[in-house]
Amino acid sequence: MRTYWNTSKNLKVIPEWEPNCWIQVTCPTEEDQQLLEERFQIPDYFFSDISDTDERARYEYDDGWMLIILRIPYVKEIRSRSPYTTVPLGIIHKRDVTITVCYYETNMMIDFVSYHQKRGEGFVDYVDMIFRLFLSSAVWYLKRLKQISTLIDKAKRNLDNDGVNNESLVGLSRLQDSLTYFITSIRGNENLLAKLKFKLQVDELDADLIEDVSIEMSQARETTNIYSDILESTMDTYSSIINNNMNRVMRTLTSVTIIMMFPTLVSSLFGMNLTNGMESSPVGFIVALIISIFTSVVSWLILRHKRLI
């Protein structure tokens, strides 16, 4: 889907392309890609790079065109191993042509447009727009991190109330994967920002905006590290609890085995086809039973004293 935006004063949809407008392309079809390539002579591999979900944050130049790939947060609607992940957002620019391409419909881009429309302001130039996209991505990383923090607390409460269960542990593992994607993407975006501020034509206003972006990204990175450390510590704690519970169960079973061993030994000795003087005694069975009970009680008391039961 292609949308043409007039960005001079306020974001307004226009019917067709005009110089210095913003072309927003979301979930592009082959027709969209072909039209843009033929009309603006964009290198074809730009779109294939943007469509690669594992593409790192970077920039490059080719035939006067500049490609910037920014990693932005994305929430998968379907149930998956990593509900929170990141996807590439491509920014393509050359002179009076500015295009953003994303193969996913993200809340960040919807909010980006809505926010600037409510404020009634556009962009000074393409550089201003690029850094505002960086700022929006950092803000949305923080929003998603708050959601992840809520899910972590919920999973911990379930584990505390309902005991250690596989579903909650798997949920924590999935969140750990999401945090790994976040920290990797945020670091890539920070490195990209550090390079772009020397490559683009930055004025005084852009410098202030870059400082704001750096602060937000640094906060997002530190927050991600904190949540990742908390989650790792939580997983280690519950892993220790599981091991401790397993050790208690094994210790109990071992103690029961030891207690039952003595009655088995007594019955085996008296049940052998050997002369022991009690073959014809009417109290032989009772004597064997008493000895078995006595040895079991003694062994139980000893294990109890040793706190093995």
Side-chain angles (χ1 to χ4, degrees), residues 1-3 5 7 22-30 32-34 36-37 40-76 82 84-95 97-113 123 125-141 144 178 180-202 206 209-210 213-214 216-218 220-221 224:
M1 181 181 68
R2 302 186 309 275
T3 307
W5 298 95
T7 61
W22 167 31
I23 306 176
Q24 182 185 12
V25 184
T26 305
C27 302
T29 62
E30 293 184 3
D32 294 329
Q33 180 176 337
Q34 185 177 1
L36 293 173
E37 290 178 356
F40 300 108
Q41 301 301 311
I42 301 174
D44 56 354
Y45 72 90
F46 277 14
F47 289 93
S48 61
D49 288 350
I50 298 172
S51 64
D52 185 3
T53 56
D54 296 325
E55 190 68 31
R56 61 185 177 85
R58 61 182 178 84
Y59 78 95
E60 68 173 278
Y61 292 94
D62 188 353
D63 194 23
W65 287 97
M66 178 179 64
L67 169 65
I68 299 174
I69 296 181
L70 176 68
R71 302 289 303 190
I72 62 176
Y74 176 70
V75 180
K76 296 180 181 179
S82 303
Y84 293 86
T85 184
T86 63
V87 295
L89 169 67
I91 306 172
I92 304 173
H93 175 79
K94 182 179 182 181
R95 291 193 293 270
V97 180
T98 303
I99 306 171
T100 61
V101 181
C102 187
Y103 281 79
Y104 300 85
E105 187 172 357
T106 63
N107 292 330
M108 181 199 121
M109 293 303 296
I110 297 174
D111 178 73
F112 181 75
V113 172
F123 308 114
D125 51 22
Y126 79 96
V127 177
D128 180 53
M129 176 182 168
I130 289 173
F131 290 129
R132 288 188 182 276
L133 283 170
F134 270 86
L135 179 61
S136 181
S137 70
V139 170
W140 271 91
Y141 273 117
R144 297 307 186 194
S178 298
T180 301
Y181 289 129
F182 273 28
I183 190 61
T184 303
S185 297
I186 292 172
R187 287 174 179 170
N189 289 347
E190 284 186 308
N191 294 333
L192 177 61
L193 178 67
K195 296 176 182 178
L196 285 178
K197 65 183 180 182
F198 296 109
K199 295 295 182 180
L200 300 178
Q201 298 177 355
V202 178
D206 293 330
L209 181 58
I210 290 174
V213 175
S214 299
E216 292 294 332
M217 282 194 171
S218 177
R221 173 173 45 80
T224 305

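Note: hydrogens, waters and symmetry copies are ignored here, and every other heavy atom, side chains too, is used. Just so you know, these numbers come straight off a predicted model, no measurement behind them.
- Rounding to the nearest 0.5 Å gives a distance of 8.0 Å between CG of Asp52 and CD1 of Ile69.
- With sequence neighbours excluded, the residues satisfying salt bridge (Lys or Arg N to Asp or Glu O under 4.0 Å) with Glu190 are Arg221.
- Checked against side chain to side chain contact (heavy atoms under 4.5 Å, CB included), Gln33 has the following partners two or more places apart in sequence or in another chain: Glu37, Phe47, Tyr103.
- Side-chain atoms of Gln24 and Val113, non-hydrogen and from C-beta on, do get closer than 4.5 Å to each other.
- In this structure, CE on Met217 lies 11.0 Å from CD1 on Ile210, to the nearest 0.5 angstrom.
- With hydrogens and angles ignored, the 3.5 Å screen pairs a side-chain donor or acceptor of Lys94 with a backbone N or O of Asp63.
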**Report entry** side chain to side chain contact (heavy atoms under 4.5 Å, CB included) between Phe46 and Val101, intermediate numbers included
**Finding:** CA-CA 10 Å; Phe46 277 14; Val101 181; over 6 Å; no
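- Side-chain atoms of Arg2 do not come within 3.5 Å of backbone N or O of Pro28 as any donor-acceptor pair.
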Report task. Start with the C-alpha distance between Ile99 and Val25, add both sets of side-chain angles, then the distance that settles side chain to side chain contact (heavy atoms under 4.5 Å, CB included), and finish with yes or no. Result -> CA-CA 7 Å; Ile99 306 171; Val25 184; 3.9 Å; yes
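- In this structure, Asn189 CG and Ser214 OG are separated by 11.5 Å, a value rounded to the nearest 0.5 Å.
- One N or O on the side chain of Ser48 and one on the backbone of Tyr45 form a donor-acceptor pair closer than 3.5 Å.
- Across Leu67, Ile91, Thr100, a single residue satisfies side chain to side chain contact (heavy atoms under 4.5 Å, CB included) together with Ile50, and that is Leu67.
- Atoms CG and CG, from Asp62 and Asp44 in turn, are 9.5 Å apart once rounded to the nearest 0.5 Å.
- Closest approach of Val213 to Leu135, counting heavy atoms only: CG2-CB, 3.6 Å.
- A search for ring-ring contact (aromatic ring centres under 6.0 Å, His included) contacts involving Phe123 returns Phe112, His116, not counting sequence neighbours.
- A search for side chain to side chain donor-acceptor pair (under 3.5 Å) contacts involving Tyr61 returns nothing, not counting sequence neighbours.
- Within the 4.5 Å cutoff, no side-chain heavy atoms of Asn107 are placed close to those of Val75.
- For the ring-ring contact (aromatic ring centres under 6.0 Å, His included) test, residues two or more places apart in sequence or in another chain that qualify with Tyr126 are His93.
- For the side chain to side chain donor-acceptor pair (under 3.5 Å) test, residues two or more places apart in sequence or in another chain that qualify with Asp111 are Trp140.
- When all heavy atoms are compared, the tightest approach of Ser137 to Pro73 is O-CD, 4.1 Å.
- Counting all heavy atoms, side chain and backbone alike, Tyr141 lies closest to Ala220 at CB-CB, 4.1 Å.
- In this structure, the side chains of Phe131 and Leu193 come closer than 4.5 Å at one or more pairs of heavy atoms.
- Looking at residues two or more places apart in sequence or on another chain, you find no side chain to side chain donor-acceptor pair (under 3.5 Å) involving Thr224.
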Report all side-chain donor-acceptor pairs from residues 181-188 shorter than 3.5 Å, counting only partners two or more places apart or in another chain.
residue : atom : partner : partner atom : Å
Thr184  : OG1  : Thr180  : O            : 2.9
Ser185  : OG   : Thr86   : OG1          : 2.7
Ser185  : OG   : Tyr181  : O            : 3.0

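- In this structure, CD1 on Ile68 lies 3.5 Å from CD1 on Ile130, to the nearest 0.5 angstrom.
- Here Thr106 pairs with Ile72, Tyr74, Val87, Cys102, Tyr104, Met108, Met109 under the side chain to side chain contact (heavy atoms under 4.5 Å, CB included) rule; sequence neighbours left out.
- Taking the side chain to side chain contact (heavy atoms under 4.5 Å, CB included) definition, one finds that Asn191 meets it with nothing, sequence neighbours left out.
- Here the CE atom belonging to Met1 is positioned 11.0 Å from the OG1 atom belonging to Thr29, to the nearest 0.5 angstrom.
- Contacts of Asp49 classified as side chain to side chain donor-acceptor pair (under 3.5 Å), with partners at least two apart in sequence or in another chain: Arg58.
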